[in-house]
Amino acid sequence: MMTIIGRVQEQKQLKRIFDSSTAEFVAVYGRRRIGKTHLVREFFKQQKCIFFRCAGIHKGRLALQLEKFKHEIETTFYQGRKGSRLSEFKNWHNAFQALNDAINLMAGTKKIIIFMDELPWMATPKSGLLEALDYYWNRHWSENKKIKLIICGSAASWIIENILNNTGGLHNRITHRLRIEAFNLAETKTYLTYKKCRLNNQQITALYLCIGGIPFYLNHIEKNLSAVQNINLLCFNKNGALHHEFGLLFASLFKHHELHEKIILLISKKREGIAREEIEKNISLKGGRLTKRLRELEEAGFIESFTPWGKERGKYYKIIDEFTLFYLTWIEKKSMHRIKNEVNDQLWESLSQTPAWKAWSGYAFEAICFKHLPQIKKALQIPSHSIGYSWRTSATKKDNGAQIDLVFDRPDNSINLCEIKYNQTPFIIDKKYAKHLQYRETCYLKKTNTSKQIFHSFITAAGLKTTLYSEGIIASTTTLDDLFT
């Protein structure tokens with residue numbers, strides 16, 4: 001029997017929705033391959049209800065979408081009954097009327113879940129689906145306390161624009177929003193353990209650096225292979241499950257996916273983030289058209305927008321999806337050309353020993369740490385309401401500038417300056433590195449004019465070796481294992 005791994009808060013929210021004494025209109029959205037359908041389907045399998053699900057067909061014509069919808073009504077409500085074949089639907093009003101008739105036929109105590117999966121694919125151009133959904137929700141279903149209508153889609157921006165921000169009859173009709181995100185490290189470990197892949201935390205992190213916490217990707221992990229061997233098999237083998245994933249992923253999410261790919265390739269070149277103005281200089285999109293593409297990438301979970309420390313205005317963008325960053329660095333066409341297309345069973349083993357991998361893995365581990373700030377705060381005994389951010393100052397004629405991986409600005413009049421190291425052996429702070437930490441603190445104090453107490457902290461993969469310098473400077477440390485709590 002299938003089960004749900006993790007998703008504790010999401011299941012609690014679905015339970016509240018199911019138990020409510022009113023009709024509910026729920027929007028579930030998130031990146032493709034994230035497990036939205038699995039969560040909704042498996043949760044309601046455990047409830048005493050009638051579960052109607054119809055999924056949109058990618059690039060399917062209206063007639064095909066309607067035929068699929070008709071078949072699901074027949075299967076869910078009329079299976080085993082005489083005269084169970086419905087007439088062909090001409091439009092979505094016909095389809096929803098047939099669904100409404102079936103619901104009335106099943107009048108009783110059971111609650112009815114209407115799950116419209118991949119709704120953006122179902123709503124073909126000029127199909128009238130949204131207008132019909134508007135009518136039947138407002139006219140028939142919103143007053144029926146048995147009905148829980150759930151719409152779902154990987155094209156998160158479409159859901160937000162057409163449903164959540166609808167200005168017509170569906171305006172303000174959504175009762176709950178449920179955004180599904182990737183597994184964190186602890187959930188990833190639980191999932192792999194469920195699959196009987198008993199990898200240690202170091203191996204799981206090595207996987208996470210490359211493919212993140214995407215359930216569909218994790219499902220392809222072979223239990224008897226190391227992280228490096230699995231990545232080689234999945235991504236660098238021409239028949240690997242993820243070798244062509246990037247192109248297929250974007251093509252399924254975005255109508256003009258070539259533009260999205262061009263934008264994200266540009267963003268990937270700036271680890272610390274790229275200003276919108278710079279994107280405009282390099283992409284043939286301006287104003288609202290560029291804003292729309294950036295919003296679509298952000299809502300789908302590929303990038304995030306932020307304003308860097310010290311800037312009061314202006315948006316910057318950086319990639320937060322692990323697989324995307326990994327693909328664009330190591331598998332993307334130009335990268336593959338650079339390594340002469342030497343695709344073989346040991347390619348990733350070779351690449352993961354290079355200085356380029358060491359630099360990339362350090363950046364990728366920093367990104368993972370920013371997704372696990374609650375765990376880091378707990379391990380370092382930092383107040384939960386502390387604000388975490390990266391900090392940097394450019395070089396001038398007077399000084400060389402400085403960069404701090406992670407800063408925690410605390411409500412108790414203190415600040416933690418954190419170094420993040422993806423080390424394979426305990427990191428050693430010697431005299432030279434101690435001076436580097438002191439210089440960094442001096443730069444921070446000078447640029448921020450803060451009078452708060454400064455503490456130095458280390459976040460490492462393999463720990464910190466105790467030395468005279470570490471004991472004199474470092475106030476607190478945390479290791480990779482703490483990120484799995």
Side-chain angles (χ1 to χ4, degrees), residues 5-10 34-35 180-195 197-215 217-218 221 226-228 230-231 271 301 304 318-326 352 357-390 404-408 410 416-427 455-465 470 474-485:
I5 302 299
R7 309 300 190 203
V8 175
Q9 295 305 316
E10 291 88 344
I34 207 73
I180 310 301
E181 298 182 349
F183 285 155
N184 61 23
L185 284 169
E187 291 168 328
T188 297
K189 184 172 185 176
T190 301
Y191 183 85
L192 290 174
T193 300
Y194 172 76
K195 282 177 48 63
C197 297
R198 303 190 183 280
L199 298 174
N200 63 29
N201 291 348
Q202 288 75 20
Q203 290 285 310
I204 292 172
T205 303
L207 285 173
Y208 203 96
L209 290 172
C210 303
I211 62 177
I214 308 301
Y217 300 167
L218 296 170
I221 298 301
S226 70
V228 169
N230 266 295
I231 294 302
R271 177 180 71 89
E304 72 173 3
K318 64 180 179 181
I319 295 176
I320 60 171
D321 181 71
E322 288 83 8
F323 176 73
T324 299
L325 191 58
F326 169 74
S352 60
W357 175 88
K358 186 175 181 180
W360 168 82
S361 63
Y363 301 150
F365 184 61
E366 284 183 28
I368 290 176
C369 287
F370 271 87
K371 289 187 175 182
H372 293 76
L373 293 183
Q375 291 85 348
I376 292 173
K377 289 178 185 178
K378 181 180 179 181
L380 296 178
Q381 297 184 320
I382 291 173
S384 60
H385 289 92
S386 302
I387 299 172
Y389 59 91
S390 59
I404 301 174
D405 298 332
L406 174 60
V407 177
F408 284 114
R410 300 161 44 164
N416 285 69
L417 306 183
C418 304
E419 281 279 270
I420 299 175
K421 295 294 181 184
Y422 187 58
N423 50 325
Q424 305 303 308
T425 58
F427 188 82
F455 294 109
H456 289 276
S457 299
F458 254 72
I459 304 163
T460 66
L464 188 67
K465 185 174 182 179
S470 67
I474 306 305
S476 56
T477 63
T478 182
T479 64
L480 178 63
D481 291 341
D482 294 315
L483 272 62
F484 283 80
T485 58

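Values reported hereafter were calculated over all heavy atoms of this structure, with side chains retained and with hydrogens, waters and symmetry mates removed.
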Smallest separation among heavy atoms of [X] and [Y], with atom names:
X: Ser457; Y: Ile474; value: CA-CG2, 4.5 Å
X: Tyr422; Y: Trp357; value: CE2-CH2, 4.0 Å
X: Cys369; Y: Ile376; value: O-CD1, 3.5 Å
X: Phe326; Y: Cys210; value: CB-O, 3.3 Å
X: Gly213; Y: Tyr208; value: N-CE1, 3.5 Å
X: Ser476; Y: Asn416; value: OG-ND2, 4.0 Å

Nearest-0.5 Å distance, [atom1] of residue [X] to [atom2] of residue [Y]:
X: Ile211; Y: Ile231; atom1: CD1; atom2: CD1; value: 5.0 Å
X: Phe323; Y: Tyr217; atom1: CZ; atom2: OH; value: 5.0 Å
X: Lys377; Y: Ser386; atom1: NZ; atom2: OG; value: 5.5 Å
X: Ile221; Y: Asn230; atom1: CD1; atom2: CG; value: 4.0 Å
X: Leu417; Y: His456; atom1: CG; atom2: NE2; value: 5.5 Å
X: Ile420; Y: Phe365; atom1: CD1; atom2: CZ; value: 7.0 Å

Not counting sequence neighbours, which residues clear side-chain hydrogen bond (donor to acceptor under 3.5 Å, both in side chains) with [X]? List them please.
X: Tyr363; value: none
X: Glu366; value: Arg271
X: Ser361; value: none
X: Lys318; value: none

Salt bridge (charged side-chain N to carboxylate O under 4.0 Å, His left out) partners of [X], counting only residues at least two apart:
X: Asp321; result: Arg31
X: Glu181; result: none
X: Lys371; result: Glu322
X: Arg410; result: Asp412

With a 3.5 Å cut-off and sequence neighbours excluded, list the donor-acceptor pairs that the side chains of residues 477-485 form with protein atoms.
unit_1 : atom_1 : unit_2 : atom_2 : d
Thr478 : OG1    : Asp482 : OD2    : 2.6
Asp481 : OD1    : Asn201 : ND2    : 2.8
Asp482 : OD2    : Thr479 : N      : 3.1
Thr485 : OG1    : Asp482 : O      : 2.8

Side chain to side chain, Arg7 and Pro215, heavy atoms closer than 4.5 Å: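 With C-beta onward as the side chain, the pair touches.
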Would you indicate whether the side-chain heavy atoms of Asn184 and Gln375 approach each other to under 4.5 Å?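 Sidechains of Asn184 and Gln375: in contact.
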Yes or no on side chain to side chain contact (heavy atoms under 4.5 Å, CB included) for Lys465 and Thr425, after CA distance, side-chain angles and deciding distance? CA-CA 9 Å; Lys465 185 174 182 179; Thr425 58; over 6 Å; no
If you count every heavy atom of other residues, nucleotides or ligands that lies below 6.0 Å from Gln202 atom CD, does the total exceed 12?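 Counting neighbours around CD of Gln202, more than 12 heavy atoms of other residues, nucleotides or ligands fall under 6.0 Å, so yes.
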Which residues pass the side chain to side chain contact (heavy atoms under 4.5 Å, CB included) test with [X], sequence neighbours left out?
X: Gln9; result: Lys12
X: Thr190; result: Ile5
X: Ala364; result: Leu209, Trp360

Give a yes or no on whether the backbone of Gly6 and the side-chain of Glu187 come within a donor-acceptor separation of less than 3.5 Å.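 Here the side-chain-to-backbone pair does not exist.
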Side chain to side chain contact (heavy atoms under 4.5 Å, CB included) between Phe408 and Cys418, intermediate numbers included: CA-CA 8 Å; Phe408 284 114; Cys418 304; 3.8 Å; yes
Test side chain to side chain contact (heavy atoms under 4.5 Å, CB included) on Phe370 and Ser390 and set out the steps. CA-CA 9 Å; Phe370 271 87; Ser390 59; 4.0 Å; yes
Would Ser226 and Gln203 count as a side chain to side chain contact (heavy atoms under 4.5 Å, CB included) here? Give the steps. CA-CA 7 Å; Ser226 70; Gln203 290 285 310; 3.5 Å; yes
